[in-house]
Amino acid sequence: MAGSDLTLRPFLWRAANLFPEKEVVSRTHRGRERYTYGAFDDRVNALANALDALGVGPGARVGTLGWNHHRHFEAYYAVPLMGAQLHTVNVQLSDDHTEYIVNDAADDLLLVDPGGPVETLERVWDDLESPRAVVVMDEETPALDVDVSVHAYEDLLADHAGAYGWPDLDESQPAAMCYTSGTTGRPKGVEYTHKMMYAHAMMVMTPAALDVAEGDVVMPVVPMFHVNSWEFPFAATMIGAKQVYPGPSPDAETLVSLIRDEGVTLTAGVPTVWINVLDYLDEHDESVPSLERIVVGGSAAPEAVMRRYEDEYGVVIDHAWGMTETMSIGSVSRPKSTMAGLDSDEIYAKRAKQGLLSPGLEMKVVDAEAGERVPWDGESAGELYVRGATVTRAYYDRPEANAEEFEDGWLKTGDIVTVDGDGYIDVVDRAKDVIKSGGEWISSIELENALMGHDAVAEAAVVAVDHAKWRERPVAYAVRAAGEDVTGAKLREFLADDFPTWWLPDNVVFVESVPKTATGKFDKKRLREETDDPDLVWTPGK
Ligand code: AMP
């Protein structure tokens, strides 16, 4: 065995033995539930016994389709600690992506939330090849039309109480897996070994990264299907902090009431969530006195939002950058101690950038065409390359993507950045042709191909436009086929057959021709430059 010290086992041990009385609060579709780390430990052991009885052994993959709640949190520990691999599947994907991802990972068993995720499972079931059993993360199971055994999570735990003998594990063994759709082709799987998880949770705890302390009350709002909820469920457990899981599709009112009732001090999620919460606080004249910090990342945090949180509610926004490939958090923007002389505007200008690379990582910025490093002068832009213990070295089973997206041990992030003389990263563009809306990826190429599959469309190009709340929204440029008079509304209806509503372009702009580059490809750069017009963004009811 290469080494067995850097595994997740001591995370559970520490919380169970040193903080058995600290609380875990969980909102499910049934309401708010709470227990202690002591009870959590008992249930993690029972879950491992139950999964063992269902045939989950070392090396098996357990897929989850679930929101942020205590049962999902229990699976975060039971599955990797048994020597199996936890594969968190995004519950907001199109059916096509869900089916592809579960089949590609060849998940042996699925843990699924009641409601939307169960409905998704039923729709895609006939095309799934690998799952041998389904566990519904609830007290009972709905009538599910699938041809394998279906179990209620709580029945399983009741039947399998007792200690599980956690095995010694090789730290280079995969513990978890997450797919990224931030790519122009099929989603790509990223595997996280125990050693990577250990290293990332340790990094995240430090004051240079997220600064998680035992006295914090931590509420991870970033979904548990997004890169392990940015590792909060590991860092917060290891440190012994109280945790609050906000449950299925939490709205602003739910988040504010959880923060107030449970005394949340530290929370995290994408900008859209915190813009909604800010609007809610303003409209309802509410406050969140316990809240000290929000880690905002996944898309750029607007400086105006950072200022309003701090000025009006005394809450500091820590702007963070990261990727599925870097196990989430890879940089955080805080001023250095040597910047005490800067005025408030200068400090905000720094904090609105993506910030300083986290401890344990290295970076370089490369001009792809010249193949040279660009200077750190705050102006020269190039692609960000990163490497380190918490950066994946390869995608799962994707040799072609591996050849393209890794170079001499560096991950090419696809983010175009400048770096200033103090080392602060600023993401200024994206090399890949994808759109990130509300923290979730939309593939412009899939939308274009679908649009061009419509008889009345000769050409279509889809680009992102800036949006105050969602940060980016898709807009389509289409050329009608000769003699056709199809409308934008009809094309949206057409796309709705195959894509989730939130993928549908906010507007379809009809043009004579789509601009092309010298090599005949759609000139997305030019289109993006032309899409500053706010009227291109569709507003419901307008
Ligand atoms: P994902 O793999 O889904 O987590 O997406 C990672 C990508 O999201 C990065 O490569 C960036 O393009 C984008 N991203 C993440 N954090 C930020 C941020 N703070 N500002 C701008 N873009 C970000």
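If you're wondering where the values come from, they're calculated on a predicted model, not measured in any experiment. Both counts, for ligands and for their atoms, begin at 1 and track the order of listing.
Taking the six-membered ring for Trp and thresholds of 30 and 60 degrees, Y77 and F234 have ring planes inclined between 30 and 60 degrees apart. In this structure, H72 and H69 have tilted ring planes: the angle between them lies in the 30° to 60° band.
Under 4.0 Å from any atom of ligand 1, one finds heavy atoms of residues T180, G298, S299, A300, H319, A320, W321, G322, M323, T324, Q354, D415, R430, K436, W441.
Panel note: side chain D367, backbone G382; no donor-acceptor pair is recorded below 3.5 Å.
Under the rule for a ring pair (Phe, Tyr, Trp, His ring centres under 6.0 Å), Y385 has no partner lying at least two apart in sequence or in another chain. Listed by chain and number, the residues in a side chain to side chain contact (heavy atoms under 4.5 Å, CB included) with E362 are R387, W410 (sequence neighbours excluded).
Screening residues 177-210 for ring-ring contact (aromatic ring centres under 6.0 Å, His included), with sequence neighbours left out, gives F11-Y198, H87-Y179.
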